[in-house]
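In what follows, a single structure is set out as structure tokens and then discussed.
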Amino acid sequence: MCLAVPGIIRSITDGLAKVDFGGVEREIALDLLPEAKVGEYILAHAGFALQTLDVEEAEELLALFREIEEAIDAEQRS
């Protein structure tokens, strides 16, 4: 199963973006999405940005990820 993760671009240098994934920052290649800009949300998979997201899409996905994380935490505590 492949999973793309939403994050926000904090900076871009030489085709590499520093992307914040809920407080964890990683470098993501913009080879497939060279038009991406600082402040935009992207979906990333395997170190590459795949597409941009509007704010509503990104917030919806981030909320779903939080729900999954909370469900896993609750399951592990039971």
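For the numbers below, each heavy atom of this structure counts, side chains included, while hydrogens, waters and symmetry mates do not.
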ask   = Who passes side chain to side chain contact (heavy atoms under 4.5 Å, CB included) against Ile72, sequence neighbours left out?
value = Ile68, Gln76
ask   = Does the side chain of Phe21 reach to within under 4.5 Å of the side chain of Pro6, using non-hydrogen atoms?
value = no
inquiry  = Applying side-chain hydrogen bond (donor to acceptor under 3.5 Å, both in side chains), can you list everything that pairs with Arg10, at least two apart in sequence or on another chain?
reply    = Asp20
If you look only at distance, which donor and acceptor atoms sit under 3.5 Å apart when one is on a side chain in residues 26-53 and the other is two or more places apart or in another chain?
from	atom 1	to	atom 2	distance (Å)
Lys37	NZ	Glu35	O	3.4
Glu40	OE1	Lys37	N	2.8
His45	ND1	Leu3	O	3.2

key: Same cluster (ILVMFWY, side-chain, under 4.5 Å), Ile9 and Val5   = yes
key: Pairs involving residues 47-63, ordered by first then second residue, that meet salt bridge (charged side-chain N to carboxylate O under 4.0 Å, His left out) (sequence neighbours left out)   = none
